Structure formats: structure tokens, C-alpha cells
Visitor: 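Below: one structure in C-alpha cells.
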Amino acid sequence: MRDSDIEEHLDRVLFTEEQVAQRVKELAEQVDRDYEGKRIVLIGILKGAMMIMADLSRAMKSDVVIDWMAVSSYGGNMKSSGVVRILKDLDVDIQGRDVLIVEDVLDTGLTLQWVMRNLESRNPNSLELLSLLRKPKARENRSEAKYVGFDIDDDFVIGYGMDFSERYRNLSSVAILRSEQ
Ligand code: IMP
Ligand code: MG
């Protein structure tokens with residue numbers, strides 16, 4: 001999907017396809033360096049992490065295992081409900097493994113704090129979090145993201161996997177939705 005196809009729905013583009021690709025490449029290089037010689041289990045949080053997972057994993061040179069987890073946090077609207085439920089659990093056993101969670105955006109960061117506590121209880125060798133975007137509240141809440149693509153303001157963003165009521169995930173850039181949507 002091109003920006004121009006939904007121009008009237010957008011406030012503005014925050015990061016172009018090229019800017020996102022460049023930053024994802026840098027993150028992949030950093031992760032490769034940090035995990036040299038290790039096999040990483042990448043855990044994507046569905047569905048928002050679909051694009052960052054696809055691009056990050058392909059940009060990495062490391063040997064990886066990819067798995068997915070689905071949790072409920074936002075009930076189809078723009079507000080966090082604060083209640084986390086596992087809708088789809090992992091297929092792989094992460095005990096003793098080096099695990100990197102891959103996420104699209106941290107807003108309050110509370111969903112991922114819960115996910116990290118849950119995964120920690122399964123005794124991985126290491127557990128870290130990578131998020132393409134981070135909003136101010138997650139920083140205030142001391143969210144434990146080791147890798148962050150971009151720190152952004154407190155706006156609702158769409159595109160590059162991120163949705164509003166399941167739409168706009170296939171936009172190639174990251175954009176701010178017009179508030180009257
Ligand atoms: P948090 O628990 O407040 O950090 O947010 C939970 C989840 O809500 C994130 O992982 C995203 O999937 C989703 N989310 C938060 N902010 C946005 C946004 O601006 N656009 C689309 N999804 C969002
Ligand atoms: Mg998400």
C-alpha cells in the first residue's frame with residue numbers, strides 16, 4: 001500500500017519506507033554483533049510485529065529460530081485495556097535459549113512488561129526486547145527495551161504492521177492517523 005492511496009486518512013508520514021529500512025538494518029547489525037556465535041530465538045508479538053520481524057530477521061546474519069506469540073491488549077480501539085491474555089502461545093521451548101522479543105511499538109510498555117515476566121518464568125538463558133518504536137510513557141515506565149528503532153511522541157501511528165481496527169498494516173511507511181478516523 002502506498003501513502004498516496006490513503007492520503008486523506010493520514011495526518012503525516014513519520015518515517016518513510018527508506019528511513020525504516022535503514023534503521024532496521026542498523027538494528028540487525030547491532031543484534032548480530034551482540035549475539036555473535038549464538039542461535040537466537042526471535043519472538044514476534046502478533047500481529048503488529050509482522051513487518052519488523054520479516055525485515056529484521058532477513059537483515060540479520062545470525063542463525064535464528066522464529067516464533068510468535070499473540071496477546072490481547074487493545075480491544076480494537078486506541079486505548080490500552082491493561083488486561084493481558086495469551087491468545088497464542090509459543091511453539092518452541094525457550095528454556096536455556098537466548099531470546100529476543102520483537103515488537104512494533106511500546107506505548108505504556110505494560111503489555112510487554114507482562115510478556116517479559118511471563119517468558120522470564122520459563123528460564124531462558126537471556127531475554128531482551130527490541131521495539132521499532134517507543135512512546136514517552138514506556139520510557140517513564142522504565143520499559144526494559146534494549147533495542148529501540150525510534151523514540152516518538154505520543155501519537156497514534158499506523159503502517160508497517162501497525163493497525164487501527166485491523167486496517168493500514170500494509171502501508172510501507174509509518175504514519176500518524178488523522179484523529180477524526
Ligand atoms: P502498551 O501495552 O500500551 O505498550 O501497548 C500495547 C500494544 O498496543 C502495542 O504493542 C501495539 O501493538 C499497540 N499499540 C500501541 N500504540 C499503538 C499505535 O500508536 N498504533 C498501533 N498500535 C499501537
Ligand atoms: Mg504490538
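The model shown is predicted, which means the values in this text are computed figures rather than measured ones. All residue numbers refer to positions in the sequence shown, counting from 1. Start at 1 and go down the list; that is how both ligands and their atoms are numbered.
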Visitor: Give a yes or no on whether Arg122 atom CZ has more than 12 heavy-atom contacts from other residues, nucleotides or ligands under 6.0 Å away.
Guide: yes
Visitor: Can you tell me if Gly109 has a non-hydrogen atom under 4.0 Å from ligand 1?
Guide: yes
Visitor: Does atom NZ of Lys88 have more than 12 heavy-atom neighbours from other groups under 6.0 Å away?
Guide: yes
Visitor: Does Glu166, at its CD atom, have more than 12 non-hydrogen atoms belonging to other residues, nucleotides or ligands within less than 6.0 Å?
Guide: yes
Visitor: With sequence neighbours left out, what residues match Gln30 under side chain to side chain contact (heavy atoms under 4.5 Å, CB included)?
Guide: Leu27, Arg33, Asp34, Tyr147
Visitor: Should you measure from each heavy atom of Asp163, which atoms of ligand 1 turn up under 4.0 Å away?
Guide: 21 (C)
Visitor: Could you check whether any heavy atom of Val84 sits closer than 4.0 Å to an atom of ligand 1, since that is the contact criterion I want to use?
Guide: no
Visitor: Taking 4.0 angstrom as the limit and counting only heavy atoms of Thr111, give me the atoms of ligand 1 inside it, by number and element.
Guide: 1 (P), 2 (O), 5 (O), 6 (C)
Visitor: Using a strict 4.0 Å cut-off to heavy atoms of Asp104, name the atoms of ligand 1 that fall inside it.
Guide: 10 (O), 11 (C), 12 (O)
Visitor: So which of Lys137, Gln113, Lys135 gets nearest to atom 19 (O) of ligand 1, if we judge by its closest heavy atom?
Guide: Lys135
Visitor: With sequence neighbours left out, which residue pairs that include part of residues 90-102 fulfil the side-chain hydrogen bond (donor to acceptor under 3.5 Å, both in side chains) condition?
Guide: Asp98-Asn125, Asp98-Ser126
Visitor: By number and element, which atoms of ligand 1 are closer than 4.0 Å to a non-hydrogen atom of Leu110?
Guide: 2 (O), 4 (O)
Visitor: Would you call Arg139 and Asp151 a salt bridge, taking side-chain N to carboxylate O under 4.0 Å as the test?
Guide: yes
Visitor: Please confirm whether Val105 comes under 4.0 Å of ligand 1, counting heavy atoms of the residue only.
Guide: yes
Visitor: I need the contact type for Asp155 against ligand 1. Using non-hydrogen atoms and a strict under-4.0 Å cut-off, is it side chain, backbone, both or neither?
Guide: backbone
